[in-house]
2 protein chains.
Amino acid sequence: MKISTRARYGTRALLDLALHQAEAPVSLKDIAKRQEISLQYLEHLVTPLITAGMVRSVRGPKGGITLAKSPAKITMSEIIQLLEGSTALVECVDNPKLCPRADSCVTRDIWTEVKDAVNGVLDSTTLQNLIEREEKKRKTPKQEMYYI
Amino acid sequence: MKISTRARYGTRALLDLALHQAEAPVSLKDIAKRQEISLQYLEHLVTPLITAGMVRSVRGPKGGITLAKSPAKITMSEIIQLLEGSTALVECVDNPKLCPRADSCVTRDIWTEVKDAVNGVLDSTTLQNLIEREEKKRKTPKQEMYYI
DNA sequence: ATATTGTAGATTAATTCAGTCAACAATATT
DNA sequence: AATATTGTTGACTGAATTAATCTACAATAT
């Protein structure tokens, strides 16, 4: 029940991109270096993001990638959808026809609730949110608790 | 990001058990037949449930398994924990020490929220709940919607 | 013209997982 | 006591998935 490194790396890469993009595109090389991801693997992660129109790419020297939309308009839900597929933990949640029991299966109902719960979190989290959390963490790093 | 068949089969097996247990233990053979699970595979699923004290077993003729606790006291959370392990989608959620970035990683925070959301559903669903849903479904099967 | 950067397909190596095989242990029934 | 029935356990296999690399190619700034 783990998420693929594909989705993990991809999310981190996008956040890295969001944090570093100004005018110029950000090179995959730089992202790979900062995020400690193999460049060649990162290239493959980025492909579906470009295809989906979430990211734009520029070839050649000084090339790289940029976000095609504002970070506030990119949800983790979309990212995970592109890199991992559905968040359903069980196939039959998305495809009732896969199982003859689907209609009457109460455990399937629970798996559906779980999917909705997961999506609830991912839908409401945008890249912008992540950026803000990042900034907040840098301001108050490792806050200790003091009891009087 | 799928859950293992282990956990799916196990959950269904436990619900089947809860529905069919009266006085006598229910044989794995019967559960396997009703749930269309290979008997040999089911045996392996049941082992950790017995070890954990959720299920009791009786060997020999007329033997089988019984729930060791009332269905109202068995949550899906426990079941999944036993058969699948943690519901964390990423290792570092449970083990921050695995990653040097863990403390400062905002994506990890989101994965933690996701885990909590999943557990929210699973914690609040007991075998008893499933039984009741099952009964409800049998009473009002495939309710159609009529618009006037 | 060339170095730099992204694109894409093929391939490999490792891991995980579902499922089976086989030998064993306990016990109700006869 | 003998036997059939049922659960227990460990080893093993085959398939599928996945992370990651290799290779050749395409575009473009300088």
Side-chain angles (χ1 to χ4, degrees), chain A residues 1-14 17 20-21 23-33 35-68 80 83-86 89-91, chain B residues 1-14 17 20-21 23-33 35-68 80 83-86 89-91:
Chain A
M1 174 169 172
K2 292 287 172 274
I3 212 170
S4 62
T5 62
R6 194 179 154 78
R8 279 190 293 126
Y9 287 4
T11 312
R12 270 169 41 205
L14 281 167
L17 172 57
H20 289 92
Q21 84 172 345
E23 319 284 287
V26 182
S27 77
L28 293 179
K29 201 161 141 190
D30 287 350
I31 298 178
K33 208 174 289 172
Q35 297 299 322
E36 296 180 80
I37 301 171
S38 127
L39 173 60
Q40 289 185 311
Y41 195 43
L42 179 60
E43 287 164 351
H44 286 290
L45 299 188
V46 167
T47 306
L49 303 178
I50 295 173
T51 307
M54 178 181 288
V55 159
R56 266 196 290 266
S57 72
V58 181
R59 288 185 176 195
K62 304 251 177 183
I65 59 175
T66 56
L67 290 178
I80 301 305
L83 295 176
E84 181 84 15
S86 167
L89 293 184
V90 173
E91 288 289 349
Chain B
M1 174 168 169
K2 292 286 173 275
I3 211 168
S4 62
T5 62
R6 195 179 154 79
R8 279 191 292 127
Y9 288 3
T11 311
R12 271 169 42 206
L14 280 167
L17 172 58
H20 289 92
Q21 82 172 345
E23 319 283 289
V26 182
S27 77
L28 292 180
K29 202 161 140 188
D30 288 351
I31 298 177
K33 209 175 288 171
Q35 297 297 323
E36 298 179 79
I37 301 172
S38 128
L39 173 58
Q40 290 185 308
Y41 194 43
L42 179 60
E43 287 164 352
H44 285 288
L45 300 188
V46 166
T47 307
L49 303 178
I50 295 172
T51 307
M54 177 182 289
V55 158
R56 265 195 290 266
S57 72
V58 182
R59 287 184 177 196
K62 304 250 176 184
I65 59 176
T66 55
L67 290 178
I80 300 305
L83 295 176
E84 182 83 16
S86 167
L89 293 184
V90 173
E91 289 288 350

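Because the structure is a prediction, the values reported are computed rather than measured. To find a chain, count down the sequence lines: A is the first, B the second, and so on, and within it residues start at 1.
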pair [X]-[Y]: side-chain heavy atoms closer than 4.5 Å:
| X | Y | result |
| --- | --- | --- |
| V58(B) | T66(B) | no |
| P25(B) | I65(B) | no |
| R12(B) | I31(B) | no |
| E91(B) | K2(A) | yes |

Nearest heavy atoms of [X] and [Y], plus distance in Å:
| X | Y | value |
| --- | --- | --- |
| G10(A) | L83(A) | CA-CD1, 3.5 Å |
| S38(B) | A32(B) | C-CB, 4.5 Å |
| L67(B) | Q21(B) | N-OE1, 3.1 Å |

In residues 49-59 of chain B, which residues come under 4.0 Å of DNA chain D by heavy atom? I50(B), S57(B), V58(B), R59(B)

Taking heavy atoms of chain A and a 4.0 Å limit, find me the 5'-most and 3'-most nucleotide of DNA chain D within that range.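 The protein-touched segment is dA19(D) to dT30(D).
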
Once side-chain hydrogen bond (donor to acceptor under 3.5 Å, both in side chains) is applied, do any residues pair with R6(B), and if so which ones, sequence neighbours excluded?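 Scan of R6(B) (side-chain hydrogen bond (donor to acceptor under 3.5 Å, both in side chains), adjacent residues dropped) gives none.
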
Using a cut-off of 4.0 Å on non-hydrogen atoms, how would the nucleic acid contact of G60(A) be classed: base, sugar-phosphate, or nothing?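 The residue G60(A) makes base contact.
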
Generate the contact string for nucleotides 12-22 of chain C. Rules: B means base contact, S means sugar-phosphate contact only, - means no protein heavy atom under 4.0 Å. ------SBBB-

With sequence neighbours excluded, tell me which residues meet side-chain contact (heavy atoms from CB on, under 4.5 Å) with E43(A).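 For E43(A) the side-chain contact (heavy atoms from CB on, under 4.5 Å) partners, ignoring immediate neighbours, are L28(A), L39(A), Q40(A).
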
How would you list, by chain and number, every residue that makes a side-chain contact (heavy atoms from CB on, under 4.5 Å) with V90(A), sequence neighbours excluded? C92(A), V93(A), W111(A), I3(B), R8(B)

Relative to the 5' end of DNA chain C, which residue comes earlier, K62(B) or K62(A), by the nucleotide with the nearest heavy atom? K62(A)

Pair partner, dT30(D) [Watson-Crick or wobble, under 3.5 Å]: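 Matched dT30(D) with dA1(C) under the 3.5 Å cut-off.
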
